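A quick write-up on the structure given underneath.
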Amino acid sequence: GGQVSQLTTGDYNNTLPTWSPDGQWLAYASDREAGHRSIWAMKADGTSQTELTRGTSDDDEPAWSSDGYIYFSSKAAGNYEIWRIKPLLGGTP
């Protein structure tokens with residue numbers, strides 16, 4: 001029971017959203033830039049979208065830890081690795 005609001009639009013895939021510990025942000029994977037999936041964050045109301053990773057690999061499966069890090073998998077050259085990033089939300093990524 002409540003109003004449903006679409007937060008992302010466009011001709012790309014936005015997947016695997018996860019909440020920040022304070023419930024104010026979402027992190028998700030998107031293929032909207034450079035043909036590779038990267039990790040993005042946005043405020044829960046859909047504003048302040050920020051790209052957190054960008055490279056030649058596919059970054060997926062973001063998971064927010066209680067201490068504010070985002071952990072994610074990254075596939076490059078056929079191998080998967082696990083990375084973490086401490087996002088500066090609302091500022092410079």
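Since the model is a prediction, treat every value here as computed from it, not as a measurement.
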- Message: With a 3.5 Å distance limit and no angle check, can you tell me whether Tyr12 reaches the backbone of Thr9 through a side-chain donor-acceptor pair?
- Response: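 Yes; judged by distance alone, with no hydrogens or angles, the pair exists.
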- With distance as the sole test, does Thr53 use its side chain to make a donor-acceptor pair with the main-chain N or O of Ile39 at under 3.5 Å? yes
Rounded to the nearest 0.5 Å, what's the gap from [atom1] on [X] to [atom2] on [Y]? Could you check?
X	Y	atom1	atom2	value
Tyr28	Thr15	OH	OG1	10.0 Å
Tyr71	Ser65	OH	OG	5.0 Å
Ser74	Glu61	OG	CD	11.0 Å
Glu51	Trp40	CD	CH2	4.5 Å
Lys43	Ser48	NZ	OG	5.0 Å
Asp60	Tyr80	CG	OH	7.0 Å

Side-chain heavy atoms of [X] within contact of [Y], under 4.5 Å:
X	Y	answer
Ile85	Tyr69	no
Ile70	Pro87	yes
Asn13	Arg32	no
Met42	Leu7	yes
Pro62	Leu16	yes

- Closest non-hydrogen atoms of Ala44 and Gly23, given as atom of the first, atom of the second and distance, are CB-O, 4.0 Å
- Query: Looking only at heavy atoms, which two atoms of Pro21 and Gly68 are closest? And how far apart?
  - Reply: CG-N, 4.5 Å
- Task: With sequence neighbours left out, write down each residue that passes side chain to side chain donor-acceptor pair (under 3.5 Å) with Asp22, or none if nothing qualifies.
- Result: Ser20
- Item | Test: Asp59 and Arg37 ion pair at under 4.0 Å | no
- Please collect all salt bridge (charged side-chain N to carboxylate O under 4.0 Å, His left out) contacts where either partner lies in residues 62-81, sequence neighbours excluded, each pair once.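 Residue pairs with at least one partner in residues 62-81: there are none.
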